[in-house]
Amino acid sequence: EPEVTQTPSHQVTQMGQEVILRCVPISNHLYFYWYRQILGQKVEFLVSFYNNEISEKSEIFDDQFSVERPDGSNFTLKIRSTKLEDSAMYFCARGGGGRVTEAFFGQGTRLTVV
Amino acid sequence: QKEVEQNSGPLSVPEGAIASLNCTYSDRVSQSFFWYRQYSGKSPELIMSIYSNGDKEDGRFTAQLNKASQYVSLLIRDSQPSDSATYLCAVRGYSGGGADGLTFGKGTHLIIQP
């Protein structure tokens, strides 16, 4: 059973368009994260979300990106004005239960910008 | 700039043998260390976490941490063909708290030969 459920599994968008990736936690946790992995490259941290606020963000997470928890449950990652180099797998992860420093990943959304 | 280095491989190991995977990290104050397994096209799956110097065993897996040498390793005993995957080393920053993002290495591609 996945720790979080991500939708869609694959998204194709035209360059310059906005995309919204969604993450649905299976149960209540305090810590959530977004990571991305460009094909053939390492997994990269984008942003962490704690107690409904952004806690930490990387240099990658610039003004093109935003995160929200619009209904108190689902998480969204919005990418504005997509570029070809935004093509990647985007993973949502949740913090661990007893040991909050562990991260458990969802199945990912493959974003293809054409 | 935090760096996590791994030999990209491929590392080829006969079935039933011990596979040894290594990782070094640059940030001396890192507190939490993780090994993830990633099958091609899938999301990272947490297999081990370690926080203190020494060895930690879980089934066929043993994680080893040496903070003085900034070195983490993973041993897989009785290797099985299903262990063939890319193994990612990940490190969490100095505060060790759950909100910090993980820094990943590029991963070692492990092949278990039947």
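All chains are named by letter (A, B, ...) in the order of the sequence lines, taking the proteins before the strands, and each is independently numbered beginning at 1. Not measured: the values here are computed from a predicted model.
Residues passing the side-chain contact (heavy atoms from CB on, under 4.5 Å) test with A:Leu39: none are found, sequence neighbours excluded. Legend: residues meeting side chain to side chain donor-acceptor pair (under 3.5 Å) with B:Asp58, ordered by chain and number and at least two apart, are absent.
For a residue to count as touching a neighbouring chain, one of its non-hydrogen atoms must lie under 4.5 Å from one of that chain's; by this rule A:Phe32 does not touch chain B. For A:Glu44, no part sits under 4.5 Å from any heavy atom of chain B, backbone or side chain. With a 4.5 angstrom heavy-atom cutoff, B:Gln38 touches chain A only via side-chain atoms. For B:Leu102, the parts lying near chain A are the backbone and the side chain together; criterion is any non-hydrogen pair under 4.5 Å.
Checking A:His10 against A:Thr109 by side-chain atom types alone, no donor-acceptor pair falls below 3.5 Å.
For the pair A:Trp34 and A:Cys23, the tightest heavy-atom approach, listed with the atom from each and the gap, is CZ2-CB, 3.7 Å. Annotation for A:Arg80 and A:Glu18: closest pair CG-OE1, 3.6 Å, computed over non-hydrogen atoms. When all heavy atoms of B:Ile18 and B:Val13 are compared, the pair lying nearest together is O-CG1, 3.9 Å. Across B:Pro44 and A:Val43, no two heavy atoms sit closer than the pair CG-CG2, 4.2 Å. Closest heavy-atom contact between B:Leu11 and B:Leu21: CD2-CD2, 3.6 Å.
Within residues 103-114 of chain B, the residues that have a heavy atom under 4.5 Å from a heavy atom of chain A are B:Phe104, B:Gly105, B:Lys106, listed by number. Residues of residues 59-71 of chain B having a heavy atom under 4.5 Å from any heavy atom of chain A: none.
Considering CE of A:Met15 and OG of A:Ser87, their distance stands at 10.0 Å, rounded to 0.5 Å.
The aromatic rings of A:Tyr33 and A:Tyr35 sit tilted, their planes meeting at an angle between 30° and 60°.
If you look at A:Tyr31 and A:Phe49, their ring centroids are not closer than 6.0 Å.
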